[in-house]
Amino acid sequence: MAVIEVKKLHKIYKTGEVEVHAVRGIDLQIEQGEFTAIVGPSGSGKTTLLNLIGGLDEPTEGRVIIDGTDITQLKDNQLIDFRLWNIGFVFQAYNLIPVLTAKENIEFIMHLQGKNKEERERRALELLQEVGLADRANSRPSQLSGGQQQRIAVARALASKPKFVLADEPTANLDSVATTNLLELMEQLNREENMTFVFATHDSRVIEKAHRIIRIEDGQVVNDEKVK
Amino acid sequence: MKELIKIAWRNLWRNKRRTIITASSVFFATLIALIMRSFQLGFYNYTINSVIEHFVGHIQIQQTDYHNNPSIDNVLEFSPHIQQTLSNDPEIKFFIPRLESGALASHAVHSKVCIIVGIDPIKENEFSGVSRHLAHYRIDPQAIEKMSFLPPDLRVLIKKAQGYYAHKQKLQDILTSMDKDFGKYIDQIAWISRFRGQYLRPGDNQVLVAGGLADFLNVSVGDSIVLLGQGYHGSTAIGKYRIAGILALPSPMMNRTFIYMPLRLAEDLFSTYEIKPDGDTARYVSYIAVNTRYQASIRPRDYVPIEHVKQRLEKKLDGDQLKVLGWKQINKTLYQQIQSDNISGQIILMVIYIIIAFGVFGTVLMMMAERRKEFGIMLAIGMSRRRLKQVVTLEILILTLMGIIAAIIVAYPIATYFHYHPIYLGNEAAKAYEQFNFEAYMPTQLPDIYFIIQPFIILVMMMLTSIYPILYLSKLKVSRALRA
Ligand SMILES: Nc1ncnc2c1ncn2[C@@H]1O[C@H](COP(=O)(O)OP(=O)(O)OP(=O)(O)O)[C@@H](O)[C@H]1O
Ligand SMILES: [Mg+2]
């Protein structure tokens, strides 16, 4: 069974008189362990699609089924709880809670899950090791570089042991070295832990690394191919 | 919760300056509120204490018509039944009879209308502390003559302070409020102007005369005055009495007119007694002043029990042709003045609170606006709206509490200090106070329940500002917030 299943998905934004049909009937399945890039020109609907998959926005029509649960049927607070336990998020920037240190940011999500202190500490340190920032555990986000912040964001996304991680242009604010580092990290996590990643991007360096590329234009899938 | 408090606390310090400014405004509002309240309540209590607790009494028992027509004919029998009822009531602490009437006082060629108050010297002193007012100092031309140590300007100035003084402190306060330099000479001035006089003893044939009246009649201790007036049921009241002491009464009206004498002497003077058919003597008084074991104050929790005692007395003494009055009825003006002053004071405080609440609200608005994206991320990763609201509410709570607690810490010693070291208001304000027969001091109220109530009101008002973030966070759409 696919982790993510999208059926006849539509999203229409209404701003006054104007209607924007941002997603027009997308069908999609993503399996456990995939490393998928959603690509397309600006305004093509990548963010909208990702938000719908992540339960951050409601579709106008269609279904989003995560691991057997139709999340379009969930109420607001059920959805928040669902995200907490099932989905990891990495955004373009300002991912982290500015008043918490790197380690506290990672622990925070486990705190929301009600994990005990011991487990939180252990997993946070483990993840800090994995993303190579054990020495910055007590730094605040403002004391970290953009690349370091994104790696902490990845660590946080993984901390809750989600079914998959959604990343919307995670490298948009990074230079090429940081981009390469972040991608290698995600790839490694995909390889070693079989973690599913779905990212929206138009960064060619990111696209190169993807195992599957879904191209959308004007809210529709125009190409979907496995490359690795 | 600990985690949320940690986040809230750190959020506050993201913008140190703004937090400090906002907390300071809460601090100053609370400080002003507490100090203002302390002086207000202190003043009311001091007033009521002086006038009611120590003179009028919580309750008075009078003949039915006396309140409207306080004449010597509208007197009331100080009967064994009344005395027993009062003595047996466990909630009554104290009661004293008084016989009051107007008369003409004369000495040599001078005469003047006066008010004679017949008292039980010992009990009256316990109740109203008449002997506190006994003059121990007198500034008069002879005394000033001897004050050659004073610089010429002070020697001129001191003439304005002529009169009787009961205490050295009062003398010092009056003089230094005219000119600070008097402070240096106060011991010498007091020594030269010292004055002798005695309080009444129960069997005494002597009287106490108020200072202003004594000056007018040109009498002093040891002289005699003649009192002439109308007695009970048309009898003539006339008598000659030696002056035992002079009273320096704060109220100018009382100081111009009052003469105190032992109750028995006044009964003789006004013939307010009768031999009954059974051979007993009926003794009449103008009224009986009663103090309960509660406190007279403007707070309902203080005056309500007094009302209960009053109602009980009314029932028990029913049929004796008398009237039981509470202090609020007897001193209606005083009560109403205090009441309206109290209300306007509270309105001023409310206005201050509202202004400060708007200040806090401004800060809250800014906090919310600049953190929109952050709220979006927190909701996205799975923080519930409830917890997010808790964080923001905690921020407002901590911010407010910092201001409030600091204000309580600062206000506490101030309110305590000025209770024990009341401010003397000076001669001008003194005139306004003295019509109620008390000294122009302004003691504060010692910190008590109002130190909790006012901060609590402030806290509630400030917490009302959290309604906005709560609504805001209920409605915030994650996808929109993330795009911000
Ligand atoms: N809240 C909204 N209200 C109205 N229109 C919106 C809203 N969000 C997105 N749109 C529109 O929907 C379309 C798709 O936007 P979306 O952000 O998904 O594109 P994108 O592929 O992520 O673009 P980019 O590469 O620039 O991030 C655009 O035309 C955009 O203007
Ligand atoms: Mg986008």
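Each chain gets a letter, A, B and so on, in the order the sequences are listed, and its residues count up from 1.
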From the list T47(A), L52(A), D57(A), side chain to side chain contact (heavy atoms under 4.5 Å, CB included) partner of S479(B) resolves to D57(A)
Handout entry: Whether over 12 other heavy atoms sit under 6.0 Å from K7(A) NZ
Key = no
Rounding to 0.5 Å, atoms CZ (R120(A)) and CD (E3(B)) come to a distance of 6.5 Å
message: For Y468(B), I'd like to know if atom OH has over 12 heavy atoms of other residues, nucleotides or ligands within 6.0 Å.
response: yes
Under 4.5 Å to a heavy atom of chain B? For L100(A) that would be both
**Request:** For F456(B), look at atom CZ and say whether over 12 heavy atoms of other residues, nucleotides or ligands are found less than 6.0 Å away.
**Result:** no
When the 4.5 angstrom heavy-atom criterion is applied to D168(A) and chain B, the contacting part is neither
Scanning both residues in full, the closest heavy-atom pair of I7(B) with F108(A) reads CD1-CE1, 3.3 Å
Value for NZ (K477(B)) from CG (L56(A)), rounded to nearest 0.5 Å, stands at 11.0 Å
Counting heavy atoms not belonging to F82(A), are there more than 12 under 6.0 Å from its CZ?
yes
Comparing P98(A), A157(A), S160(A), P162(A) against chain B, the one with the most heavy-atom pairs below 4.5 Å turns out to be P98(A)
Bottom line for A153(A): the part with an atom under 4.5 Å from chain B's heavy atoms is neither
When rounded to the nearest 0.5 Å, the distance separating CD of E374(B) from CD1 of I97(A) is 7.0 Å
* Asked: Would you find a donor on one side and an acceptor on the other, under 3.5 Å apart, between the side chain of R83(A) and the backbone of L379(B)?
  -> yes
Honestly, the part of R14(B) sitting under 4.5 Å from a heavy atom of chain A is side chain
dist I381(B):CD1 -> L112(A):CG (nearest 0.5 Å) comes out at 6.0 Å
### NZ/NE/NH1/NH2 to OD/OE distance under 4.0 Å, E104(A) and R10(B)
yes
Bottom line for R386(B): the part with an atom under 4.5 Å from chain A's heavy atoms is neither
To the nearest 0.5 Å, atom CZ of F91(A) lies from atom CD1 of I377(B) at 5.5 Å
When the 4.5 angstrom heavy-atom criterion is applied to N51(A) and chain B, the contacting part is side chain
Taken to the nearest 0.5 Å, the spacing of I80(A) CD1 from R385(B) CZ works out to 5.0 Å
Within a 6.0 Å radius of atom CD on E58(A), are there more than 12 heavy atoms belonging to other residues, nucleotides or ligands?
no
